[in-house]
Undergrad: 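Please read through the structure below; I'll follow up with questions.
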Amino acid sequence: MINIVLFGKPGAGKGTQAEFLKEKYKLTHLSTGDIFRFNLKNDTDLGKKARTFMDNGELVPCEITTAMLIDEVNKHPDTQGFLFDGYPRTLDQAKALDQFLPTIGSSVTATIALEADDEILVARLLERGKTSGRVDDQDEEKIRVRYQEYNEKTAPLIGYYKEQNKFYAVNGIGTIEEITERLTSVIDNL
Ligand SMILES: Nc1ncnc2c1ncn2[C@@H]1O[C@H](COP(=O)(O)OP(=O)(O)O)[C@@H](O)[C@H]1O
């Protein structure tokens, strides 16, 4: 089983690249953002709990997110591996994943970051907000909160995975194909 964590700031292109990678490597793509949005749209109990945090650009509390992620993983007992997109986003989540995966006989294989400058990313998000209908993409203030969340809570994961020799970074600026190429060359050499 191969488990890849796709890592990057909001707007870095994780979702776009995940679409290609999941096909190429036959991985189960788990995007916590997409799962939350599905629950919001269907107004489930989980959606009700997550809505205020998401709409404000804040992270949803760890217990809620981790329980949801474990549920999703357990729905795919026969998969060849997972492509985690948007999880883990805090040290607690990374530790939770490192505790959980061994219970299904597995572990994180590699974490790959898509890197890009903040100005480029904010412009991308505002552009996406014009058509995506995502409340959190339409307002610069909320985007700013997401970057603050990233810097405070998610960036420390880089050190966490570097210590385990599992951290790889690729340049996230270029055409979609160029970036897919960079990612596949990392994965093919794992
Ligand atoms: N691992 C997570 N932990 C906590 N909250 C999360 C997590 N993943 C997604 N969310 C919530 O969903 C929102 C949207 O997630 P996502 O689509 O991955 O965002 P982005 O475009 O900012 O990378 C986040 O701002 C947060 O509220």
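Every number for a ligand or one of its atoms is a count from 1 in the order of the listing. Values reported hereafter were calculated over all heavy atoms of this structure, with side chains retained and with hydrogens, waters and symmetry mates removed.
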Undergrad: Contact between K22 and T28 at the side-chain level, heavy atoms closer than 4.5 Å - yes or no?
TA: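 Result no, sub-4.5 Å side-chain heavy-atom pair not found.
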Undergrad: Taking all non-hydrogen atoms of both residues, which atom of V145 and which atom of E58 are closest, and how far apart?
TA: CG1-CG, 4.1 Å
Undergrad: With the criterion set at N/O pairs under 3.5 Å, what does the list of contacts between the protein and ligand 1 look like, atom names and distances included?
TA:
unit_1: ligand 1; atom_1: 1 (N); unit_2: G86; atom_2: O; d: 2.8
unit_1: ligand 1; atom_1: 1 (N); unit_2: Q93; atom_2: OE1; d: 2.9
unit_1: ligand 1; atom_1: 3 (N); unit_2: Q93; atom_2: NE2; d: 2.8
unit_1: ligand 1; atom_1: 5 (N); unit_2: V60; atom_2: N; d: 3.0
unit_1: ligand 1; atom_1: 8 (N); unit_2: T32; atom_2: OG1; d: 2.7
unit_1: ligand 1; atom_1: 8 (N); unit_2: G86; atom_2: O; d: 3.3
unit_1: ligand 1; atom_1: 8 (N); unit_2: R89; atom_2: NH1; d: 3.0
unit_1: ligand 1; atom_1: 17 (O); unit_2: R37; atom_2: NH1; d: 2.8
unit_1: ligand 1; atom_1: 17 (O); unit_2: R37; atom_2: NH2; d: 3.0
unit_1: ligand 1; atom_1: 17 (O); unit_2: R134; atom_2: NH1; d: 3.2
unit_1: ligand 1; atom_1: 17 (O); unit_2: R134; atom_2: NH2; d: 3.3
unit_1: ligand 1; atom_1: 18 (O); unit_2: R89; atom_2: NH1; d: 3.2
unit_1: ligand 1; atom_1: 18 (O); unit_2: R89; atom_2: NH2; d: 3.3
unit_1: ligand 1; atom_1: 19 (O); unit_2: R89; atom_2: NH2; d: 3.2
unit_1: ligand 1; atom_1: 19 (O); unit_2: R134; atom_2: NH2; d: 3.4
unit_1: ligand 1; atom_1: 21 (O); unit_2: R128; atom_2: NH2; d: 3.0
unit_1: ligand 1; atom_1: 21 (O); unit_2: R134; atom_2: NH2; d: 3.3
unit_1: ligand 1; atom_1: 21 (O); unit_2: R146; atom_2: NH2; d: 3.2
unit_1: ligand 1; atom_1: 22 (O); unit_2: R146; atom_2: NE; d: 3.2
unit_1: ligand 1; atom_1: 22 (O); unit_2: R146; atom_2: NH2; d: 2.9
unit_1: ligand 1; atom_1: 23 (O); unit_2: K14; atom_2: NZ; d: 3.4
unit_1: ligand 1; atom_1: 23 (O); unit_2: R89; atom_2: NH2; d: 3.0
unit_1: ligand 1; atom_1: 27 (O); unit_2: E58; atom_2: O; d: 2.6

Undergrad: Would you call the rings of Y87 and F84 parallel, tilted or perpendicular, where under 30° means parallel and over 60° means perpendicular?
TA: tilted
Undergrad: Where do G86 and R89 come nearest, in terms of heavy atoms and distance?
TA: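 That would be O-NH1, 3.1 Å.
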Undergrad: Quick one: does K49's side chain get under 4.5 Å of N39's, heavy atoms only?
TA: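 Answer no - side chains too far apart.
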Undergrad: So, for L6 and L83, which heavy atoms are closest and what is the spacing to 0.1 Å?
TA: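 Between these two residues, the closest heavy atoms are CG-CD1, 4.1 Å.
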